[in-house]
Enquirer: 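Structure in structure tokens, see below.
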4 protein chains.
Amino acid sequence: MPRKPADQTVSRDDILQAAARVFHHQGYHGATMQDISAAVGLTAGSLYHHFKGGKDAILVAVLEAGLDQVMADVQAITEMSLDPPEKLRRAIQAHVQSVTDHVAVAALMIFEMRTTLSLPEVPQRYLAQRDQFEGLYRQIIREGIETGCFRPVDVGVFTRTLLGASNWVSVWYRPEGRLSGAAIADQIADIFLNALLPR
Amino acid sequence: MPRKPADQTVSRDDILQAAARVFHHQGYHGATMQDISAAVGLTAGSLYHHFKGGKDAILVAVLEAGLDQVMADVQAITEMSLDPPEKLRRAIQAHVQSVTDHVAVAALMIFEMRTTLSLPEVPQRYLAQRDQFEGLYRQIIREGIETGCFRPVDVGVFTRTLLGASNWVSVWYRPEGRLSGAAIADQIADIFLNALLPR
Amino acid sequence: MPRKPADQTVSRDDILQAAARVFHHQGYHGATMQDISAAVGLTAGSLYHHFKGGKDAILVAVLEAGLDQVMADVQAITEMSLDPPEKLRRAIQAHVQSVTDHVAVAALMIFEMRTTLSLPEVPQRYLAQRDQFEGLYRQIIREGIETGCFRPVDVGVFTRTLLGASNWVSVWYRPEGRLSGAAIADQIADIFLNALLPR
Amino acid sequence: MPRKPADQTVSRDDILQAAARVFHHQGYHGATMQDISAAVGLTAGSLYHHFKGGKDAILVAVLEAGLDQVMADVQAITEMSLDPPEKLRRAIQAHVQSVTDHVAVAALMIFEMRTTLSLPEVPQRYLAQRDQFEGLYRQIIREGIETGCFRPVDVGVFTRTLLGASNWVSVWYRPEGRLSGAAIADQIADIFLNALLPR
DNA sequence: CATGAATGAGAGTTCATTCAT
DNA sequence: GATGAATGAACTCTCATTCAT
């Protein structure tokens, strides 16, 4: 018994976006398929027509899409011919702005990363890409130290400190807040650049 | 890591520790009352003799205990008569070491903070304490800027950047890793102190 | 085994055959409307243009067609003027060969006969025809006993024993096996004829 | 919110018996966990306390228990020192009576044997035991032919014919019917013994 | 005729929680 | 205090079926 003369057909991307929102508000476990389907104007059963894999698959798809995007942004910067400080600054800015622009997805990457994703086999690719992303930062920092632009620091610790701080923005950023995403991005870039300044 | 003092009566603290471990491994939602009770040598039903409130209450208790502890450590430092840089360094060191010493609990503070805790009414006190904790850092930084020890930065952004980085340690720290908790703590303190150095 | 006459219009019989195959492989409940429609080159919804009654109706149609056919074969034989032993032999041969020639349908008659068909009202006619089919055998045997060709046996038990054995062929017959359908049919006829031999 | 001061504790065997009944009446797919649990005086969820494996596991357990039992009965007879005709007679009698005594389970062995059991990996053992059971009959018949007690027949076809007929009893036997299980068993044994009589 | 989007009912399962013993 | 049987609510997922296009 169908109904709904359909305002518009539902696309796979509509679902991904709705799911990101719902997951963000209620958490993966707190969100039901009903919540997600309602957010896109369907009933729970109908979701499975558009998205074969079920709840897990939706989460993974959301995360992969999100990561693909930041990854692309940051990678583009690493391939520019800039000196390490400038490269790092722009990378951080791009990264943080990406976080503020897509808080829902960014938050998911943090909060559903561990237990939700550790069981299945699917997201192996996702985790690999995460490491690769971290590698981009490590590379810039290593270069900067070698060329003397940066003072010597433990690359591993520094990179993760930087990543933790940047990701964390998704926890406290509020679109209606005092500072714009860009402003925050600048500030954070500034903090870490200063931290690397040779004395 | 002793599990059970063997045939001894089970204390409330035994449960808290076991729960922290189980929650850390499987996540709050992935952990069943059975898992927790088994980890402490009881059956699920018996847990309710110790924790009236059930699963939620256990999580909140774990988190509150954890936060109380870090809070005490850091607060003690803020009350010492030290100059802001030294105070900040010691605070960060204490904080990060607390994270590495109790990774399970620290990780829970991050991962179960949002959706798990947003529904009930109980943890209002917990959230308040979190803010208070953040306030300790803000205070130090503000002081440092006013006295000219630190270069001027946006206190809000800086504090959260610092907190994000410190909390994030619970995600990547491995006891058997290359660096000790103390070493990591030193490095992170170093990074943020440098970031505040007036030019 | 042709599946689809390629781009030709789909006939009601195509569906019946495909359905028989699919039901046989996966069982009635294990087979979805998609499976059936795919086997005939349609989408699920389109099946309803051909079979108003849905899945149930398809099964019933398959079974009725199958039963009609065996029924006709066996009935033709009963109407010949042969002595009971010869009549029985030919009936069994026809029946068993019909089973080996249409294993899928024959198996359905066994496996979906009970629970699947007991609920609805439709197949009343089908069940009546089954009884009638059994009656054909009973008649031959009764005649044989009365004329002294067969030793006296309990007609009811004997008939059902015979039917059980013949139907059961659909369970173990393999087209690529050691014995042809005809050979098996001969053997089984032989067994039951011998069983009826007066001592 | 438990209720039920419990007339008696529910045993694993209670469940198996209830399940056999329910499966028999409604078929495996037609039976819900609610039906089964209700038949034993529980709610659906409670079944999982007593039977970890779910619906599949229940069916398999029912079947295995059933097969174990017939197997034991028949095997005991094959080990007696009797001449082949007597051995076969008693085996058939035991088998058929076992069928009439446990119609529900016997019917399940037929009707849920194929599609229901073909998917999982568990019942491999069950299927193996089925073959072994068939082997018992084959052995007796082979012996009888070799010793000249039986006329030569195709052992494979004969055995399956015999098994089909015996199993089929579960389809038409009615406890309240004209003939007792024992009487039916005698008749069927009689039929097949006669069929093997050397001319 | 055929499609495919959509539905809605229902099934199996899991689990926090309770309470008599 | 501890147990374990029992509950019941929820949730994910499947599928026959319908209907606008």
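Note that these values count all heavy atoms, side chains included, but never hydrogens, waters or copies made by symmetry. Below, chains carry the letters A, B, ... as their sequence lines are ordered, and counting in each starts from 1.
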Enquirer: Write down the distance between CG (A:L47) and P (F:dT12), rounded to a whole number of angstrom.
Expert: 10 Å
Enquirer: Given atom CZ of A:F51 and atom P of E:dA5, what is their separation to the nearest angstrom?
Expert: 15 Å
Enquirer: Can you figure out which of F:dA16, E:dA2, E:dT7 approaches the side chain of C:L42 most closely?
Expert: E:dA2
Enquirer: Rounded off to whole Å, could you give me the CG-to-P distance for the B:D14 and F:dA2 pair?
Expert: 11 Å
Enquirer: Taking only the side-chain nitrogens and oxygens of D:H50, find out if one of them lies under 4.0 Å from OP1 or OP2 of F:dA6.
Expert: yes
Enquirer: Tell me every residue that passes salt bridge (Lys or Arg N to Asp or Glu O under 4.0 Å) with A:D68, counting only those two or more places apart in sequence or in another chain.
Expert: A:R125
Enquirer: Would you mind reading off the distance between C:K52 atom NZ and F:dT18 atom P, rounded to a whole angstrom?
Expert: 10 Å
Enquirer: Looking at E:dT13, I'd like to know if its phosphate oxygens (OP1 or OP2) sit under 4.0 Å from a side-chain N or O belonging to D:Y48.
Expert: yes
Enquirer: Show the nearest heavy-atom pair for residues A:G30 and A:D35, with the distance to one decimal.
Expert: O-OD2, 3.9 Å
Enquirer: How close or far is atom P of E:dA5 from atom CZ of A:R12, stated in whole angstroms?
Expert: 14 Å
Enquirer: For DNA chain F, which ranges pair as stems of 3 or more consecutive Watson-Crick or G-U pairs, with both donor-acceptor distances under 3.5 Å?
Expert: E:2-21 with F:2-21
Enquirer: Could you check B:G54 against C:T43 and say which one's nearest nucleotide on DNA chain E is further toward the 5' end?
Expert: C:T43
Enquirer: Can you measure C:I58 atom CD1 to F:dC15 atom P for me and round it to whole angstrom units?
Expert: 16 Å
Enquirer: Just the rounded figure in Å: distance from P of E:dA11 to OH of D:Y28.
Expert: 13 Å
Enquirer: Is the shortest side-chain heavy-atom distance between A:L42 and A:Y48 below 4.5 Å?
Expert: no
Enquirer: When you match D:G45 and B:S46 each to their closest nucleotide on DNA chain E, which lands nearer the 5' end?
Expert: D:G45
Enquirer: Starting at the 5' end of DNA chain F, which residue's closest nucleotide do you reach first, A:K55 or C:A44?
Expert: A:K55
Enquirer: Using a heavy-atom cut-off of under 4.0 Å over every strand shown, decide if D:A31 touches base, sugar-phosphate, or nothing.
Expert: sugar-phosphate
Enquirer: Taking atom P of E:dT3 as reference, at what distance in whole Å does atom NE2 of A:H49 sit?
Expert: 15 Å
Enquirer: Which pair of heavy atoms, one from D:I58 and one from D:F23, lies closest together, and at what distance?
Expert: CG2-CE1, 4.1 Å
Enquirer: So, the side chain of A:K55 versus the backbone of A:A31: is there a donor-acceptor pair under 3.5 Å, distance only?
Expert: yes
Enquirer: Indicate whether OP1 or OP2 belonging to F:dC11 is found under 4.0 Å from a side-chain N or O atom of A:H29.
Expert: no
Enquirer: So, does C:Y28 use its side chain to make a donor-acceptor pair with the main chain of C:D56 at under 3.5 Å?
Expert: yes
Enquirer: Specify the closest pair of heavy atoms between B:V105 and B:V62, including all atoms of both residues, with the distance to one decimal.
Expert: CG1-O, 4.0 Å
